[in-house]
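Heavy-atom basis, side chains included; hydrogens, waters and symmetry copies ignored.
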Amino acid sequence: MFDIDVLSVFCAADGRYGNTLGVVREGRHHPDQADRQAIAAQLGYSETVFVDDPDRGVVDIHTPGLRLPFAGHPLVGVAWLLDLEVVNPPAGEVWVRQDGEFTWITARPEWAPPRTLQRYASAAEIEALPAPPPGEGWLYAWAWEDEAAGRVRARAFPRRDGGVVEDEATGAAALLLTALLGRALNITQGRGSQLITAPGPDGTIEIGGRVRLLTAH
């Protein structure tokens with residue numbers, strides 16, 4: 001048995017939506033990678049994060065089917081939950097800031113796993129996509145809602161084993177899209193989750209969102 005906090009990350013302004021995240025605070029109780037993978041599969045969230053060292057922010061991230069060196073919504077969520085100034089996933093050191101409403105992380109887009117970023121003509125086309133669309137490989141479908149204002153409509157489809165048909169809010173893909181477009185973005189993803197991004201002068205990208213605690217154990 002294990003204790004877990006369940007969060008919703010990248011919520012809308014009214015607290016709805018967001019991507020569900022499991023946080024196992026006592027990662028040291030589950031040091032075996034196979035055990036962690038089994039827990040993540042049992043929970044079935046798009047990601048579960050195991051905290052190995054809360055003082056230094058050392059964490060380990062798993063989807064239901066594989067381990068990830070970096071993922072956006074687990075890092076935003078665990079940084080908010082533990083009030084961290086830095087998080088250390090396998091990919092590298094991630095700095096954190098809080099502004100009251102949003103939790104922000106600064107990361108490098110090259111840490112994000114590869115995704116196909118496919119632009120569509122309109123937000124209506126994004127909303128009409130089946131889940132998942134035909135094809136293979138991780139798809140991030142996006143369209144401008146208001147290009148001048150940097151507002152984007154997006155949906156994300158892992159299209160891989162693990163049971164997650166559609167990812168509600170995907171920080172890593174938002175990093176890649178921000179790097180591709182070279183500008184700050186306000187992304188509405190999935191049912192209505194919100195991700196805010198801004199490129200930095202050194203090639204890093206800051207990504208922020210609201211976090212809400214669903215259950216604590």
Side-chain angles (χ1 to χ4, degrees), residues 8-14 16-19 21 46-47 61 68-77 79-80 85-87 89 91-129 133 135 137-158 166-211:
S8 185
V9 184
F10 297 128
C11 299
D14 61 4
R16 292 188 299 163
Y17 311 118
N19 201 351
L21 173 70
S46 58
E47 277 101 13
I61 305 165
L68 297 177
F70 173 86
H73 102 272
L75 299 182
V76 170
W80 175 86
E85 295 182 355
V86 64
V87 189
E93 191 173 62
V94 174
W95 290 96
V96 181
R97 71 178 177 92
Q98 313 270 358
D99 68 7
E101 182 177 10
F102 292 92
T103 298
W104 301 85
I105 62 171
T106 298
R108 307 200 67 86
E110 56 265 32
W111 292 346
R115 273 103 169 87
T116 297
L117 307 179
Q118 185 170 339
R119 180 179 176 180
Y120 287 74
S122 68
E125 286 190 31
I126 298 294
E127 291 166 4
L129 288 172
W138 221 106
L139 173 67
Y140 192 67
W142 71 278
W144 289 113
E145 281 191 318
D146 184 336
E147 185 171 358
R151 290 176 51 217
V152 168
R153 182 72 175 97
R155 292 173 68 189
F157 306 97
E166 180 170 353
D167 200 30
E168 174 63 25
T170 315
L175 288 178
L176 292 174
L177 185 62
T178 303
L180 175 69
L181 299 176
R183 57 179 295 186
L185 301 175
N186 183 340
I187 301 169
T188 300
Q189 186 181 326
R191 296 168 300 155
S193 301
Q194 185 180 26
L195 304 88
I196 310 293
T197 71
D202 58 352
T204 61
I205 292 173
E206 192 173 46
I207 181 167
R210 304 176 190 86
V211 185

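- Of all heavy-atom pairs between G192 and A12, the closest is O-CB, 3.5 Å.
- The one candidate from H73, E47, R115 that meets the side chain to side chain contact (heavy atoms under 4.5 Å, CB included) condition with T170 is R115.
- The side-chain heavy atoms of P133 and Q118, taken from C-beta on, include no pair separated by under 4.5 Å.
- A side chain to side chain contact (heavy atoms under 4.5 Å, CB included) with L75 holds for exactly one of T103, V9, V94, L21; it is V94.
- Nearest heavy atom pair, residue T197 against residue A174, reads CG2-CB, 4.0 Å.
- P199 and T178 make their closest contact through CD-CG2, 3.9 Å (heavy atoms, listed as atom of the first residue, atom of the second, distance).
- Counting all heavy atoms, side chain and backbone alike, I196 lies closest to Q194 at CD1-NE2, 3.5 Å.
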(request) Evaluate side chain to side chain contact (heavy atoms under 4.5 Å, CB included) for Y120 paired with L129, printing each intermediate quantity in order. (result) CA-CA 10 Å; Y120 287 74; L129 288 172; 3.8 Å; yes

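- One finds the SG atom of C11 at 11.0 Å from the CZ atom of R16 (value rounded to the nearest 0.5 Å).
- The two residues P109 and L176 make their nearest non-hydrogen contact at O-CD2, 3.4 Å.
- Residues passing the ring-ring contact (aromatic ring centres under 6.0 Å, His included) test with Y140: none are found, sequence neighbours excluded.
- For residues 172-195, the salt bridge (Lys or Arg N to Asp or Glu O under 4.0 Å) pairs, not counting sequence neighbours, are E168-R191.
- Taking each heavy atom of L68 and A71 in turn, the nearest pair found is CD1-CB, 4.0 Å.
- Here the CD1-CZ distance, from I207 to F102, works out to 11.5 Å after rounding to the nearest 0.5 Å.
- No side-chain donor-acceptor contact under 3.5 Å links S193 to the backbone of Y17.
- With respect to N19, the side chain to side chain contact (heavy atoms under 4.5 Å, CB included) criterion is satisfied by exactly one of L195, V76, D167: D167.
- Taking the side chain to side chain contact (heavy atoms under 4.5 Å, CB included) definition, one finds that E145 meets it with A123, R151, R153, T188, sequence neighbours left out.
- With sequence neighbours excluded, the residues forming a side chain to side chain contact (heavy atoms under 4.5 Å, CB included) with A107 are F70, W111, L175, listed by chain and number.
- Between W138 and P158 there is a side-chain heavy-atom pair separated by less than 4.5 Å.
- With sequence neighbours excluded, the residues forming a side chain to side chain contact (heavy atoms under 4.5 Å, CB included) with E206 are R97, W104, T106, listed by chain and number.
- To the nearest 0.5 Å, atoms CD (E127) and OG (S122) are separated by 8.5 Å.
- Annotation: side chain to side chain donor-acceptor pair (under 3.5 Å) contacts of E85 (sequence neighbours excluded): none.
- Contact check for W144 versus R119: side-chain heavy atoms found under the 4.5 Å cut-off.
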